[in-house]
Amino acid sequence: MTTSPAPAAENLLQQLINNLWWSWDADCPDLLSSLAGGQSHQPDRSATLQQLLPQLQLAAERQQVYLQSRTTWADRNLQGLTGPVAFFSAEFGLHESLPIYSGGLGILAGDHLKSASDLGVPMLGLSLFYHEGFFHQSFDAHGWQQESWSQLDLSQLPLSEQRRPDGQSLRISVELPDSVVQLRILRLAAGRSSLLLLDANLPENSAADRQLTARLYAPGQQIRIRQELLLGIGGMRALQAIGVTPAVVHLNEGHCAFAPLEDLRRRMVEDGLTFSAARDVAAAGVVFTTHTSVAAGHDRFPAPMAAAHLQPLAASAGLDVAQLLALGKTNPADADEAFCMTALAFRMSRFHNGVSALHGQVTRSMWSGLWPGRSPDQVPIGHITNGVHPGTWIARSLKKLYTLFLPQDWEYQPGTAANWQALQQLDDQKLWQTHCSLRQRLLHIVAQRAGCQPLDPQTLTIGFARRFAAYKRADLIFRDLDLLARLLQDSNRPVQLLFAGKAHPADEQGKLILQRIWQLATQPPFRGRVVILADYSIDLARQFVQGVDVWLNTPRRPQEASGTSGQKAAINGVLNCSTLDGWWAEAWNGSNGFAIGDASDCPDPELQDQHDALSLYQVLQQQIIPPFYERDPGGLPGKWLQMMKNSIISLGWQYSSHRMVRDYAALAWQPATEFQTSAVVPDN
Ligand SMILES: *Cc1c(COP(=O)(O)O)cnc(C)c1O
């Protein structure tokens with residue numbers, strides 16, 4: 001017989017688990033991990049639960065204080081939002097347990113939701129519930145990436161199905177050329193924010209339609225356009241079905257650009273507006289953030305395919321489908337031009353932005369064709385630089401140190417340069433000890449996961465982890481193998497390199513780069529000094545950005561729109577060593593990290609790689625290795641510690657997603673709300 005479970009503790013535990021807030025609380029992750037996996041040993045679990053009751057009570061109280069606070073940043077600073085921001089994104093990276101993200105775009109969407117919650121900005125995320133998620137990565141015996149998918153277990157996820165008030169199941173539907181897809185709405189709570197996930201895997205749908213929400217970024221244009229219809233049109237219908245009128249619709253990348261078309265349709269059908277009036281009114285409440293400088297990253301569909309898929313919407317509004325198609329073309333008169341989701345998103349929004357100063361500039365040139373007669377600098381596309389969520393990405397041990405000098409509620413407020421200046425007072429000894437134990441923890445995990453010899457915990461450790469897209473040049477540091485081998489094996493001042501990241505299943509070039517690094521890492525002279533880990537995910541990312549000494553980032557300028565992994569590193573005192581691309585082009589100040597190359601563009605990629613590799617080796621030999629190993633009489637690397645502080649102080653608040661959300665609120669969401677409620681719709 002088992003002892004009876006502790007019902008009070010069990011209820012508190014459920015209350016905590018049912019809101020993802022626990023994952024960015026200071027104490028809950030440790031508390032909950034001590035309870036994880038205990039289900040098969042009921043008696044033990046009851047005893048542990050009972051023992052942890054006081055801590056569970058405290059955590060549940062903290063959760064309630066958080067959820068019910070009436071003194072958030074938004075309570076004090078944000079007026080005029082008439083409803084929530086509806087934040088549409090094809091992917092959301094909130095936690096490793098919900099793998100419906102592939103990389104930076106999804107993590108950014110997750111950080112948006114969390115920061116909106118911390119600051120008290122009402123926000124609802126909208127996406128699809130991919131029941132097989134994104135793929136798991138492994139390597140075959142030759143280092144070639146293998147992909148596998150597994151079914152997510154809904155019973156293990158804190159998702160609840162939206163129902164009608166009478167408890168009946170709630171369904172929305174989206175018309176495709178040859179079927180009508182039924183969707184249910186699953187809801188996830190992330191602090192005060194919610195994420196609504198649409199799920200087509202229902203018995204009432206055909207087998208093919210059920211598969212539409214199986215995999216994130218499934219291959220094939222037809223699946224892609226259908227997923228995007230479910231996301232955009234289904235997302236707007238889901239909001240209506242649960243009785244939410246958003247203040248603003250935010251399109252996180254072009255994938256979700258069908259959403260404003262559903263609004264346009266409704267304004268024609270329900271309010272009797274003309275096409276052009278409905279288009280302008282719908283667009284007035286839409287904010288569009290574009291995320292890529294790489295041409296292939298923008299979805300384009302053949303015109304006939306787009307026409308077939310937009311026909312039901314056009315028919316419902318009494319429109320000729322050509323009128324809708326024109327919105328997705330640079331030259332609306334060209335019947336053959338492909339239909340582009342990014343062009344549609346620009347046309348159907350009034351606020352448009354890139355995600356760093358440099359990316360804003362690149363984007364204005366790239367899309368100036370949509371504003372005929374204007375030069376690139378007159379194109380109305382601004383920028384709001386990305387940021388990362390402090391609660392999620394700063395190591396808990398470091399948060400405790402920062403808390404000694406920052407304002408009491410710093411985790412839930414946008415920071416200021418003056419506040420963060422106080423971190424000059426961080427104790428060198430404590431900062432170094434904390435950093436060294438984070439490095440040690442990472443190296444332990446690396447040895448475990450790679451099944452290799454433990455790495456040396458005193459060695460300068462450089463990390464590189466992100467999607468393996470060719471322009472990110474993961475193998476740039478391997479251009480001169482002899483020189484690199486000498487640096488890594490130096491007997492007094494050695495260096496070790498850690499890699500992780502997935503290549504998109506269709507990206508042969510990315511897979512070749514992965515394979516090259518995998519092969520180098522398994523043979524002398526690099527074996528033991530270079531390790532590559534499979535199946536990069538949010539939890540591994542957290543360990544990496546908290547535990548390495550240097551964060552390496554080598555995109556071919558100007559192709560990185562922002563990059564956010566370096567921001568995660570920076571707020572942990574990990575020094576960035578990066579080309580001057582994306583966010584780093586505006587963030588590097590000469591003393592908060594290292595710059596590879598200079599701020600110029602090079603038209604010849606081969607020459608650019610050669611220059612950047614030379615610069616990287618120089619920076620390593622002259623600026624990184626010497627100060628890391630130079631110790632004061634007290635045994636501390638004084639110069640290095642000062643650079644760590646410079647990184648934390650100058651970048652920690654500036655590249656936080658709290659600052660980013662504050663900027664969106666002031667520059668985009670509030671004005672968009674005002675334009676919708678006023679009769680005047682400005683012409684861009
Ligand atoms: C932050 C993050 C990224 C983005 O990395 P970049 O270097 O900005 O491309 C990708 N994947 C995961 C798991 C992340 O946490």
Residues Ser537 and Asp535: side-chain donor-acceptor under 3.5 angstrom: no
Exactly one candidate in Asp581, Asp612, Asp609 meets salt bridge (charged side-chain N to carboxylate O under 4.0 Å, His left out) with Arg556; the answer is Asp609
Assess whether side-chain contact (heavy atoms from CB on, under 4.5 Å) is satisfied between Asn419 and Trp653, documenting all intermediate values. CA-CA 9 Å; Asn419 288 159; Trp653 66 275; over 6 Å; no
Please check if any side-chain donor atom of Asp30 sits under 3.5 Å from a side-chain acceptor atom of Ser33, or the reverse. no
Taking the side chain from Thr522 and the backbone from Trp518, do they hold a donor-acceptor pair closer than 3.5 Å? yes
His359 side-chain N/O to Val355 backbone N/O, donor-acceptor pair under 3.5 Å: yes
Assess whether a salt bridge exists between Arg467 and Asp507, defined as any Lys/Arg side-chain N lying under 4.0 Å from an Asp/Glu carboxylate O. no
So is Arg466 actually on top of Phe464's ring, under 6.0 Å and inside 45° of the axis? yes
Would you mind checking if Arg659 and Asp663 are paired as a salt bridge, meaning a charged N to carboxylate O distance below 4.0 Å? yes
What I want to check is whether the side chains of Gln610 and Arg479 have a donor and an acceptor closer together than 3.5 Å. no
Please verify the inter-ring angle class for His389 with His658; under 30° counts as parallel, over 60° as perpendicular, anything in between as tilted. perpendicular
Can you check side-chain contact (heavy atoms from CB on, under 4.5 Å) on Tyr655 and Trp583, steps first, answer last? CA-CA 9 Å; Tyr655 296 97; Trp583 79 288; 3.7 Å; yes
Will you find, in the side chains of Trp73 and Asp118, an N or O donor that is under 3.5 Å from an N or O acceptor? no
Would you call Asp27 and Arg396 a salt bridge, taking side-chain N to carboxylate O under 4.0 Å as the test? no
Quick one: is the NZ or CZ of Arg192 closer than 6.0 Å to the six-membered ring centre of Tyr66, and within 45° of its axis? yes
How are the rings of Tyr402 and Trp420 set to each other: parallel, tilted or perpendicular (split at 30° and 60°)? perpendicular
Should Phe134 and Ile100 be marked as a side-chain contact (heavy atoms from CB on, under 4.5 Å) after you check the CA-CA gap, both sets of side-chain angles, and the distance that decides it? CA-CA 6 Å; Phe134 199 55; Ile100 57 168; over 6 Å; no
Does the ring of Trp432 carry Arg439 above it, NZ/CZ under 6.0 angstrom from centre and within 45° of its axis? yes
Check: Ser89/Asn252 side-chain N/O donor and acceptor closer than 3.5 Å: yes
Kindly write out the residues that satisfy side chain to side chain contact (heavy atoms under 4.5 Å, CB included) with Ser138, not counting sequence neighbours, or none if the list is empty. Gln146
